[in-house]
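From a predicted model like this one, the values you see are computed outputs, not experimental measurements. Note that ligands are numbered from 1 as they come in the structure, with each ligand's atoms numbered from 1 the same way. In what follows, residues are counted from 1 in the order of the sequence shown.
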Amino acid sequence: MKFSHPLMHNNFTKKDLISVKKLLNQKNIILTQSRQVEKFENEWSKWLGVKYSTFVNSGSSANFITIKTLQILNKNKNKNEIIVPTLTWVSDINSLIMNGFKPVFVDINLSNLSMNLEQVLKKINKKTLAIFITHAQGFNGLDNNFLNQIKKRKIHLIEDVCESHGATHRGKKLGSYGLISNFSFYYAHHMTTIEGGMICTNDKKIHEISRMLRSHGMAREAKNNIFEKKMINQYKNLSPQFIFLYPTLNFRNNEIGATIGLSQLKKLDNDNKKRTKNFKIYLKYLDSNKYFNKYEIKGSSNYAFPIILNTKNLYIRDNFEKYLKKNGIEFRRGNAGGGNQLRQPYLKKYVKIKNLNSFKNVDRVHFFGYYIGNYPNLTKNKILKIVKILNSFAFN
Ligand SMILES: Cc1ncc(COP(=O)(O)O)c(C=O)c1O
């Protein structure tokens, strides 16, 4: 049989199927957002260590609602800049554009694929409202000096943890540091709800706004009786059930997604332990002459293994891709989100990019970086085979 190493394998288990069957076998079932969604949100909050979570239909919906919430709460319209990494998912940037914010880009570190925090601190000015960090591919992007500095300067931290479920900083989970954090449950990530995302916060008002933004901007979705009564009084000529406060769409998830999420959450920590063990095996045997290997793995939780070639030769790069394909190893070039966001066409109309070539690390990942699978049921033998294939590639 031909060797095959996919990006993800068996992420939907028999136990998940049984829990869905149980749901579907109930009498008078409701499959749109209801009790299972609420239960999943509560369990997720407990797991993460935050007060509130809002389950939505994708990680990018979580990004959009988060930034829209910031826009709604922002009283100082001169503060319209948000600092973002050049290596992230497209929705982290376009949620800013769609809500009238200016993205201010910084380069990344190769060691954790996350924002260069020194550059972030240098770019803070009186227009900076927030920093929207991406904890890329399971790595921790935080450090203490950075957290202290932005606290002192009253800059909001928003965490995109869509690729880093279970990763920690000083033993505390990523996603519990920021004012708001986002997760994705897309199939290829640490756990799945088919499609799905979560918005997490300790702030009650933010939580209520997120809930309304998830559901047509309706006042009753805040689930706050005092607030709802106030709105009904304020808008006496409207039907009390249909008071639409904000322009948004329907970003709800459903009972099937939540049921799968509850089932998957039970195995998340154990799966992550296996991923970390596997990551270390990859790293131990990979040829450091051929591939970058100085990753900061403390607190990380990697659903993928990053590969950065030690070459700047595009011909070798193209041969490497042919070689991986021939050997059955699935890959994505550009790591998280296809590499340098500044090089993507969608941005050209909105952001003037004067210094495209000055983001050296993200460009290295953009042209010579990849990720391959690191799913829980990978065996040591299989990793050793993969590494043998990688180490046998001729860089000439
Ligand atoms: C860092 C990051 N943010 C947001 C998203 C969007 O998540 P989704 O695919 O669930 O919309 C992704 C998706 O892969 C991502 O990697």
**Report entry** More than 12 heavy atoms from other groups under 6.0 Å of NZ on K102
**Finding:** no
Query - Cationic tip of K172 above Y177 ring, under 6.0 Å, 45° of axis - result: yes
Requested in this report: State whether the shortest distance between N or O atoms of S91 and N or O atoms of ligand 1 falls below 3.5 angstrom.
Outcome: no
Requested in this report: Check each atom of ligand 1 against the heavy atoms of D92 and keep those under 4.0 Å away; list them by number with element.
Outcome: 3 (N), 4 (C)
Query raised in the report: If you measure from the Lys or Arg side-chain nitrogens to the Asp or Glu carboxylate oxygens, is any gap between R333 and E321 under 4.0 Å?
Result: yes
Requested in this report: Find all atoms of ligand 1 within a distance of less than 4.0 Å from any non-hydrogen atom belonging to T134, and give their numbers and elements.
Outcome: 1 (C)
**Report entry** Among G337, S60, S184, closest by any non-hydrogen atom to atom 10 (O) of ligand 1
**Finding:** S184
Requested in this report: Ignoring hydrogens and angles, state whether a donor on the side chain of D269 or N272 is under 3.5 Å from an acceptor on the partner side chain.
Outcome: no
Query raised in the report: Which protein non-hydrogen atom lies closest to atom 3 (N) of ligand 1, naming both residue and atom, and how far is it?
Result: D160 OD2, 2.7 Å
Query raised in the report: Are any of the N or O atoms of F185 closer than 3.5 Å to those of ligand 1?
Result: no
Report task. For the residue pair F305 and Y282, categorise the inter-ring angle as parallel (less than 30°), tilted (30 to 60°) or perpendicular (more than 60°). Result -> parallel
Query raised in the report: With atoms numbered from 1 as shown, which atoms in ligand 1 lie under 4.0 angstrom from a non-hydrogen atom of N63?
Result: 3 (N), 4 (C)
Query raised in the report: Is there a heavy atom in E195 that sits closer than 4.0 Å to ligand 1?
Result: no
Query raised in the report: With sequence neighbours left out, what residues match F244 under side chain to side chain contact (heavy atoms under 4.5 Å, CB included)?
Result: H216, M218, F242
Query raised in the report: At a 4.0 Å threshold, what atoms of ligand 1 neighbour a non-hydrogen atom of S58?
Result: 10 (O), 11 (O)
Report task. Classify the ring geometry between F393 and Y323 as parallel (under 30°), tilted (30 to 60°) or perpendicular (over 60°). Result -> tilted
**Report entry** Closest protein heavy atom (residue, atom, distance) for atom 16 (O) of ligand 1
**Finding:** E163 OE2, 2.5 Å
Query raised in the report: For atom 8 (P) of ligand 1, what's the nearest protein heavy atom and its distance?
Result: G59 N, 3.4 Å
Report task. For D287, check side-chain hydrogen bond (donor to acceptor under 3.5 Å, both in side chains) against everything at least two apart and list the hits. Result -> none
Requested in this report: For atom 15 (C) of ligand 1, grab the closest protein heavy atom and report residue, atom and distance to one decimal in Å.
Outcome: W89 CB, 3.4 Å
